[in-house]
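Report on one structure; see the data block that follows.
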Amino acid sequence: PDDRAAYREGMDRIRTRGVAHFEFRIVLPGGPIRWVQGHGRLMRDDNDAMHIFGTIQDVTENKMAQEQVRSSRTFLQSVLDASPNPIIVLNLDRQIIRGNRAAHALAGERSLTDMTCHELSHHRQSPCDREQSCPFETVLETKQPAVMLCDHFDAEGHERTVEVAAAPIFGVTGEVENVVEVMRDITDRLSLEAQLHQAQKMEAVGQLAGGLAHDFNNILAAIQGYADLLEMDLPDGSLEMKHAAAISHACNRAADLTG
């Protein structure tokens, strides 16, 4: 009943155009619903009477297969869109043929599938130089997955450090037909790692300085001890006593420097 309008529209096209192809559902005896495809042609007999000749073909299995394909594609796109990292699929001309939501956001106002990988990532019209690390070229040459660090631009034009994981997609002939790239911005992580490394270096320097100060104080303590012994044995006012007092004073000043 829901497809009566589609059936009438198909029949009207036959009357006005002379031929039409259309699909609709029918209910068979017992209740099962089947998809059918109608092919009709308008013809006139010897008495100029109009007749419609046509065939009906059951296409239920084809419709179910098409629905499964659409469902699979929708599910695949949902999986890709769930990733916060841009994901793109390239053909052998570096043209982007598919991408997830994050990749579309990276493209900004431009259409993602109208862009190449270097236009999206490097904001340039020409491919990367041979001297530059290119995950796309590496995958084509090795036919193996590759992970590289690259300098890319974000949607606002700021340069970012990006970890690109690229992998080949093989066709039925066994040759690479497409390359998929997953781009993860690690700029902030590298900055934090550099800060942590600097903090660790400063901590190591502090520990080294603390150890040196401890050893230095031990040496000063020994010198101070000998100076005290000299002062105990030397007569007051003698030149030797003055020298011993100077040594003791210098030890005290050195000890103040190391805390």
Side-chain angles (χ1 to χ4, degrees), residues 65-204:
Q66 292 172 6
E67 182 58 33
Q68 289 178 353
V69 171
R70 281 194 294 267
S71 179
S72 297
R73 288 178 176 175
T74 300
F75 177 74
L76 174 60
Q77 190 62 46
S78 298
V79 171
L80 295 176
D81 289 340
S83 172
N85 301 315
I87 301 174
I88 57 175
V89 180
L90 308 169
N91 63 20
L92 298 185
D93 294 324
R94 299 182 175 84
Q95 189 74 32
I96 299 173
I97 61 174
R98 189 164 190 169
N100 66 345
R101 184 180 294 112
H104 282 278
L106 187 62
E109 297 181 355
R110 294 192 59 182
S111 172
L112 180 67
T113 53
D114 289 337
M115 304 176 71
T116 60
C117 56
H118 43 273
E119 288 177 323
L120 177 68
S121 302
H122 301 291
H123 293 186
R124 55 187 294 178
Q125 298 298 318
S126 57
C128 301
D129 297 331
R130 298 292 296 180
E131 293 76 14
Q132 294 177 304
S133 299
C134 179
F136 177 84
E137 290 291 344
T138 301
V139 168
L140 289 186
E141 292 174 2
T142 65
K143 298 184 179 181
Q144 296 291 328
V147 179
M148 296 182 178
L149 294 185
C150 304
D151 293 328
H152 286 185
F153 290 99
D154 61 17
E156 288 74 34
H158 302 133
E159 190 169 0
R160 309 288 290 180
T161 301
V162 177
E163 181 184 74
V164 181
I169 299 176
F170 296 98
V172 294
T173 62
E175 295 299 321
V176 178
E177 290 189 355
N178 300 99
V179 175
V180 57
E181 292 186 354
V182 181
M183 298 172 282
R184 184 160 65 102
D185 189 334
I186 60 171
T187 307
D188 296 336
R189 192 194 78 184
L190 292 179
S191 177
L192 290 175
E193 289 178 352
Q195 294 177 30
L196 177 60
H197 182 62
Q198 182 65 21
Q200 291 173 337
K201 286 173 57 178
M202 296 304 296
E203 182 181 2

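Not measured: the values here are computed from a predicted model. Quick note: numbers below take in every heavy atom, side chains included, and nothing from hydrogens, waters or symmetry partners.
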| message | Apply side chain to side chain contact (heavy atoms under 4.5 Å, CB included) to residues M183 and N85 and explain how you reach the verdict. | response | CA-CA 6 Å; M183 298 172 282; N85 301 315; 5.9 Å; no
| So K143 and E175, salt bridge (charged side-chain N to carboxylate O under 4.0 Å, His left out) or not? Walk me through it. | CA-CA 9 Å; K143 298 184 179 181; E175 295 299 321; 3.2 Å; yes
Ignoring hydrogens and geometry, is there a side-chain-to-backbone donor-acceptor pair from [X] to [Y] under 3.5 Å?
X	Y	result
R160	V162	no
E163	V147	no
S72	Q68	yes
N100	L80	yes
D188	S191	no
T187	T161	yes

| Q77 and R98: CA distance, side-chain angles, deciding distance, side chain to side chain contact (heavy atoms under 4.5 Å, CB included) verdict | CA-CA 9 Å; Q77 190 62 46; R98 189 164 190 169; 3.1 Å; yes
| Atom CZ in R124, atom CD in E119: separation rounded to 0.5 Å? |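 One gets 11.0 Å once the value is rounded to the nearest 0.5 Å.
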| request: Any chance you could measure Q195, atom CD, to Q200, atom CD, to the nearest 0.5 Å? | output: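 These two atoms lie 12.0 Å from each other.
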| Stepwise, does the side chain to side chain contact (heavy atoms under 4.5 Å, CB included) test hold for V89 with I169? | CA-CA 9 Å; V89 180; I169 299 176; 4.2 Å; yes
Test item: [X] and [Y] side chains (from C-beta on) under 4.5 Å apart, heavy atoms:
X	Y	value
R94	P127	yes
E177	L92	no
I96	D114	no
I88	L120	yes

| Would the number of heavy atoms belonging to other residues, nucleotides or ligands and lying under 6.0 Å from CZ of R73 be above 12? |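 Incorrect, the count does not exceed 12.
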| task | Decide if atom CZ of R101 counts as having more than 12 heavy atoms of other residues, nucleotides or ligands within a radius under 6.0 Å. | result |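 No - once you tally the heavy atoms of other residues, nucleotides and ligands closer than 6.0 Å, there are 12 at most.
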| What pairs with H152 under ring-ring contact (aromatic ring centres under 6.0 Å, His included), at least two apart in sequence or on another chain? |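 For H152, the residues satisfying ring-ring contact (aromatic ring centres under 6.0 Å, His included) (neighbours in sequence not counted) are H122.
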| task | Tell me, please, which residues at least two apart from H123 pass ring-ring contact (aromatic ring centres under 6.0 Å, His included). | result |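 Once residues adjacent in sequence are excluded, the partners of H123 under the ring-ring contact (aromatic ring centres under 6.0 Å, His included) criterion are F153.
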